[in-house]
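Shown next, in structure tokens, is the structure this report addresses.
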Amino acid sequence: MPSSMFTRLLTAVLAFAAVPVIGPAVANELAAPPAVAPVPSNGLATTPPMGWNSWNHFAGRITAADVRAMADAMVANGMRDAGYVYVNIDDTWEGDRNAAGDIGTNAKFGDMKALADYVHSRGLKLGIYSSPGAKTCAGFVGSHGHEDQDARQFAAWGVDYLKYDYCGARDIYPVTQRNQEMLFRKMGAALRAAGRPVVYSLSQSGDFDIWRWGPQTGANLWRTTPDISDNWESMSQRGFRQLDLSAWSGPGHWSDPDMLEIGNGGMSTDEYRTQMSLWSMLPAPLLAGNDLRTMDPATRDILLNREVIAVDQDSAGRPARRLERQGDVEVLVRDMADGSVVVGFFNRGEKATARLSWQTLGSRFGKSAQARDLWQHTAIDTGSPFVTTLPRHGATLIRVGAGQ
Ligand code: GLA
């Protein structure tokens, strides 16, 4: 079993053993949360958020020292300057509340304000995690009944991003769309009232077509799938499924097929390049999930490919669409703000060759078109049709500008 999967399982088991499960008695006591009005957009995340999140690699072992080390690594390895600015602490930072009900951190984290100050001093932003449940998904203290107080506490610490995970609320309220919507709106409104700009990220598994109602909670992004694992089936299934949801994604409000697994060891370099390419085409948040202190050159080249990052971060935020299918190769196309298009060739099977005649992209893309390979970083001759050979599970992205 890959070690990251093992730690995730271990965290879940430990959390279960350590925390008294809130049983059906409580579930029956609270039939429904009170109604909360729709929350207007906060104007943030006009392009998909970029950064790092602790869960995929560290799960429950994350500490403040690790977070500082990740912030240092993001500065040293160029990630910050390439746009990865959020350093997001996932579940397991939480400690007990004090007599006034203020949430504290546990021994792994200590002074959260000092940690936020440190992350900010490195030119980065800090993200944190909570849940509308009394407990989080891993069994730590959640925000239930303390939403406004927690939002104010996060603001006082200097938190810039909140991942809010429905998980623990399942133990309190029946799982219905209305309950999810009201609980997510409640924290959305609390964040607005606290007055600090905070990117608001919802986490559930894509229940009740969350992409249709997510914007009314004040959120900037919402998970559309169960948790990703570090393998091809899990990653490719999540990524390609997203193409059917593209109508609901755009500047300020993004569908989130979960975090990157690039560099975690369970997939081939070609498969990791596919994750980076596919997430950038969708476009989706780019939240690295590996140990940034020990990245090998191949991982660094993938995460730091600025031409591909520019596709993800294109200001128009228009989603990719399916252009055609050539056997196992999916050909996707995305319109960029500058009038160029990016074409993605994704091989979902064994080694294959794909072709494209420039006219397929429209009459303005003829022989005089300018084309560039975004992984090879080379110009492409547009005098003849484009032909590329893709390894098993490999991808190529090309950017094509109209001719003169
Ligand atoms: C859920 C989320 C994960 C992670 C864990 C933490 O499973 O989907 O991304 O945040 O909770 O407990």
Side-chain angles (χ1 to χ4, degrees), residues 2 4-19 21-22 49 51-63 66-67 86-95 103 105-106 108-109 126-144 154 159 161-171 175 180 183-184 187 199-208 210-211 214 219-231 234-235 237-239 241-242 254-262 264 266 275 279 284-290:
S4 63
M5 197 187 295
F6 177 73
T7 41
R8 278 180 243 176
L9 260 173
L10 187 65
T11 301
V13 169
L14 287 176
F16 230 81
V19 173
V21 174
I22 302 171
W52 176 86
N53 173 292
S54 60
W55 190 253
N56 281 359
H57 178 75
F58 288 93
R61 292 169 300 142
I62 187 69
T63 67
D66 296 326
V67 175
Y86 290 100
V87 185
N88 292 350
I89 305 165
D90 208 285
D91 203 353
T92 81
W93 63 266
E94 308 87 341
I103 193 162
T105 62
N106 61 43
K108 296 191 295 142
F109 276 87
L126 186 72
I128 213 170
Y129 169 102
S130 193
S131 169
K135 297 286 178 190
T136 65
C137 214
F140 287 71
V141 177
S143 291
H144 176 65
F154 299 156
V159 166
Y161 187 116
L162 175 68
K163 174 173 170 181
Y164 203 49
D165 192 341
Y166 194 75
C167 196
R170 291 170 199 271
D171 297 330
V175 181
Q180 291 205 353
L183 292 168
F184 284 147
M187 181 52 91
V199 170
Y200 185 31
S201 157
L202 305 183
S203 182
Q204 41 101 298
S205 301
D207 312 331
F208 310 115
I210 188 170
W211 43 90
N220 301 104
L221 59 157
W222 37 83
R223 282 271 300 280
T224 52
T225 71
D227 290 7
I228 196 168
S229 308
D230 188 13
N231 63 69
S234 173
M235 182 276 287
Q237 204 187 49
R238 277 158 186 71
R241 166 156 194 260
Q242 209 66 26
W254 305 102
S255 283
D256 172 9
D258 211 355
M259 301 168 291
L260 302 177
E261 291 281 13
I262 297 163
N264 278 334
Q275 188 178 23
W279 265 232
L286 296 178
L287 294 171
N290 56 319

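Counting starts at 1 for both ligands and their atoms, in listed order.
A salt bridge is absent between D256 and K163: the closest approach of a Lys/Arg side-chain nitrogen to an acidic carboxylate oxygen does not fall below 4.0 angstrom.
Taking the side-chain contact (heavy atoms from CB on, under 4.5 Å) definition, one finds that S54 meets it with W52, I62, D90, sequence neighbours left out. Residues forming a side-chain contact (heavy atoms from CB on, under 4.5 Å) with T105 (at least two apart in sequence, or on another chain): W93, F109, M112, W157. Under the ring pair (Phe, Tyr, Trp, His ring centres under 6.0 Å) criterion, F184 pairs with Y166, sequence neighbours left out.
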Go through the steps to decide whether M259 and W279 satisfy the test side-chain contact (heavy atoms from CB on, under 4.5 Å), and finish with yes or no. CA-CA 9 Å; M259 301 168 291; W279 265 232; over 6 Å; no

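Listed by chain and number, W55, D90, D91, Y129, C137, A138, K163, D165, S203, R223, D227 each place a non-hydrogen atom less than 4.0 angstrom from ligand 1.
Two residues are said to be in side-chain contact when any heavy atoms from C-beta on lie closer than 4.5 Å; N56 and I228 meet this criterion.
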